[in-house]
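A short write-up of the structure that comes next.
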Amino acid sequence: MTPSSKSETFLEAGGHDVRISNPDKVVFPEPGLTKLDLARYYLSVADGALRGAGGRPMVLKRFVKGLTQEPFFQKRVPEGHPDFIDTATLHYARGTSAEEAVLRDAAGLAWVSNLGCLDLNPHAVRAEDLDHPDELRVDLDPMPGVDWSQIVDVAFIAREVLEDHGLVGWPKTSGSRGLHILVRIAPQWGFADVRLAAETLAREVENRAPGLATARWWKEERGESVFVDFNQNAKDRTVASAYSIRPLPDARVSTPLDWDEVRARRPEEFTVLTVPARFAEAGDPHAGIDDAAGSLDGLLALAKRLGPAEKPPRAGDGAGRRVSQMPLIEVARTKTKPEALAALEQWKTANPEVAGSLHPADELVDGMRGSSSQWYRVRINLQHVAEADRPEQGALVADYDPWAGREWPGRP
């Protein structure tokens, strides 16, 4: 590292000098981690981080205003990017395209870290073949009220289903409350088949663990269970990859595990401060993942035996909108999650008798993808409220419009 000025410094990585601007800027106040600390972290786990994200086009999720502000999602690689950053042009399902960044070495990790990217969000394809994923992603997403032991139970059932169909699962903490299981596959199937295989896996996990796990896409129908999120395998989706720093106050890290660690360890153990020593001493538990590519034939055959998944009814108004089977009301739309949680509490305070009947999973706070950043929708499922006591849909506590100022055909 060679100091240049008070506002920048340089890290040597893979034969390149990578500029870190404002190196002393504190990103995580609780552990006191700066921009320079985060870049150094990625260099310390570079082999593992590149095993998860290297060679793949990546959406840049940039926290340029710090942890307290929502990030913005940048698909297009910045102009003037250094020559050690490769690129690949992705064509999205809605007809747009973007030239995205592709990391090839440790210098790339330091470079995206300097841009304010805490976590790494690669697509499930390699830059050399953008049409055939080489990874199936199992995202175990717990509903409110679900504890770690239930997540672990579902993880081992998912492992069993994978093994029964000739596939190897590699677990890692999501870096939040859940678990991810990564499955390398031969790049022989398109996105539709990979998503179908993932949905079939989710349905079979639910069949083997009813009540513990669910494959139901609509959040209000899941109850207090672990959602096996198959839609993370859709064409345009990305997932925080191995060794990604997550935007939680303790600088938690999405950390690969051995299966014999899954029951014993907890997500909060793995942070920017603890993972480098673990990596240096024990190496990467996912070191063999690229040698374990399997076939989707087994899961696709199971899909035929199970038949099509049940689909929700649609409204007869010509718009094709889904009709929920649950009594839902919308409470708020907000720009940030803290605002969403505050709006929820405001509504509960104004409706104490109804709030007293709610279960944890009845309070639905959903991150929604806007044009370049997330916004939040707050809903209440009134299923546990006596029908006579259910309030009607009223005015929203907060009514943020994520598309304000944007126009398109049909927009009022």
Side-chain angles (χ1 to χ4, degrees), residues 1-5 7-25 27 34-66 69-92 96-131 134-135 235-247 254 369-374:
M1 182 183 73
T2 303
S4 174
S5 72
S7 62
E8 67 177 10
T9 192
F10 290 85
L11 289 177
E12 193 282 325
H16 301 282
D17 288 329
V18 183
R19 176 179 175 267
I20 306 298
S21 61
N22 300 312
D24 297 327
K25 178 182 178 181
V27 181
T34 65
K35 279 188 69 177
L36 182 59
D37 292 328
L38 302 187
R40 285 173 168 165
Y41 159 79
Y42 271 119
L43 295 186
S44 74
V45 297
D47 288 346
L50 290 169
R51 188 171 288 112
R56 302 177 182 277
M58 175 186 298
V59 173
L60 302 176
K61 181 181 174 184
R62 301 180 62 181
F63 289 83
V64 295
K65 295 183 179 180
Q69 301 295 316
E70 291 297 312
F72 73 91
F73 296 88
Q74 182 174 343
K75 293 178 180 177
R76 290 171 175 80
V77 65
E79 294 183 5
H81 58 82
D83 58 9
F84 55 77
I85 297 296
D86 203 352
T87 65
T89 301
L90 270 72
H91 296 272
Y92 289 91
T96 59
S97 64
E99 186 179 13
E100 296 191 3
V102 178
L103 308 187
R104 298 291 187 183
D105 55 22
L109 293 170
W111 179 76
V112 296
S113 176
N114 182 58
L115 291 179
C117 298
L118 301 181
D119 42 24
L120 311 174
N121 289 269
H123 291 271
V125 293
R126 303 282 180 175
E128 293 74 22
D129 185 352
L130 300 175
D131 297 318
D134 72 334
E135 186 170 84
K235 179 176 172 63
D236 297 349
R237 293 298 184 98
T238 61
V239 175
S241 59
Y243 297 100
S244 285
I245 304 169
R246 305 311 306 274
S254 179
R369 184 65 67 90
S371 59
S372 62
S373 62
Q374 278 194 326

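Every value quoted in this text rests on a predicted model; they were computed, and no experiment measured them.
Of the residues listed (Leu109, Leu50, Leu60, Val239), the one engaging Leu120 in a side chain to side chain contact (heavy atoms under 4.5 Å, CB included) is Leu109, and it is the only one.
Distance SG/Cys117 to CZ/Arg62: 6.5 Å, rounded to 0.5 Å. If you take CZ on Phe84 and CH2 on Trp111, they are separated by 8.0 Å, rounding to the nearest 0.5 Å. Note that OG1 of Thr238 and CZ of Phe73 are 7.5 Å apart. Values are rounded to the nearest 0.5 Å. With values rounded to the nearest 0.5 angstrom, His91 atom NE2 is found 8.0 Å from Leu130 atom CG. To the nearest 0.5 Å, the span separating CG on Leu11 from CG on Leu43 amounts to 5.5 Å. Here Gln74 contributes atom CD and Leu115 contributes atom CG; the two are 7.5 Å apart, rounded to the nearest 0.5 Å.
Nearest heavy-atom pair across Val77 and His81 is CG2-CD2, 3.6 Å. Nearest heavy atoms, Ala53 versus Ser241: CB-OG, 3.6 Å. For the residue pair Lys61 and Pro71, the shortest heavy atom distance occurs at CE-CG, 3.8 Å. Among all heavy-atom pairs drawn from Ala107 and Ala13, the shortest one is CB-O, 3.6 Å. Nearest heavy-atom pair, Pro57 versus Ala127, reported as atom, atom and distance to 0.1 Å: CD-N, 4.0 Å. The minimum heavy-atom distance linking Ser254 with Arg246 is given by the pair N-CG, 4.4 Å.
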Show, in sequence, the C-alpha distance, side-chain angles and deciding distance for Phe10 and Val18, and conclude whether the side chain to side chain contact (heavy atoms under 4.5 Å, CB included) test is met. CA-CA 5 Å; Phe10 290 85; Val18 183; over 6 Å; no

The test is side chain to side chain contact (heavy atoms under 4.5 Å, CB included); show your working for Lys75 and Leu90 and say whether it passes. CA-CA 9 Å; Lys75 293 178 180 177; Leu90 270 72; over 6 Å; no

Apply side chain to side chain contact (heavy atoms under 4.5 Å, CB included) to Val102 and Met58, showing your working. CA-CA 6 Å; Val102 178; Met58 175 186 298; over 6 Å; no

Pair Asp129-Asp131, side chain to side chain contact (heavy atoms under 4.5 Å, CB included): steps then yes or no: CA-CA 6 Å; Asp129 185 352; Asp131 297 318; 4.0 Å; yes

Kindly indicate, with the supporting measurements, whether the criterion side-chain hydrogen bond (donor to acceptor under 3.5 Å, both in side chains) is fulfilled by Glu99 and Thr87. CA-CA 6 Å; Glu99 186 179 13; Thr87 65; 2.7 Å; yes

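One N or O on the side chain of Tyr42 and one on the backbone of Leu118 form a donor-acceptor pair closer than 3.5 Å. A donor-acceptor pair is defined here as one N or O able to donate and one able to accept, closer than 3.5 Å; such a pair exists between the side chain of Glu12 and the backbone of Gly15. A donor-acceptor pair under 3.5 Å is absent between the side-chain atoms of Arg51 and the main chain of Ala242, judged by distance alone.
Salt bridge Glu8/Arg19: present, at least one basic N to carboxylate O contact under 4.0 Å. The pair Glu128-Arg104 counts as a salt bridge, with a side-chain nitrogen and a carboxylate oxygen less than 4.0 angstrom apart. Salt bridge status for Asp134 with Arg56: present, with a side-chain N to carboxylate O gap under 4.0 Å.
For the 3.5 Å distance criterion, the side chains of Asp119 and Asn121 qualify, holding a donor opposite an acceptor. Under the 3.5 Å distance criterion, with hydrogens and angles disregarded, a donor-acceptor pair is assigned to the side chains of Ser21 and Lys35.
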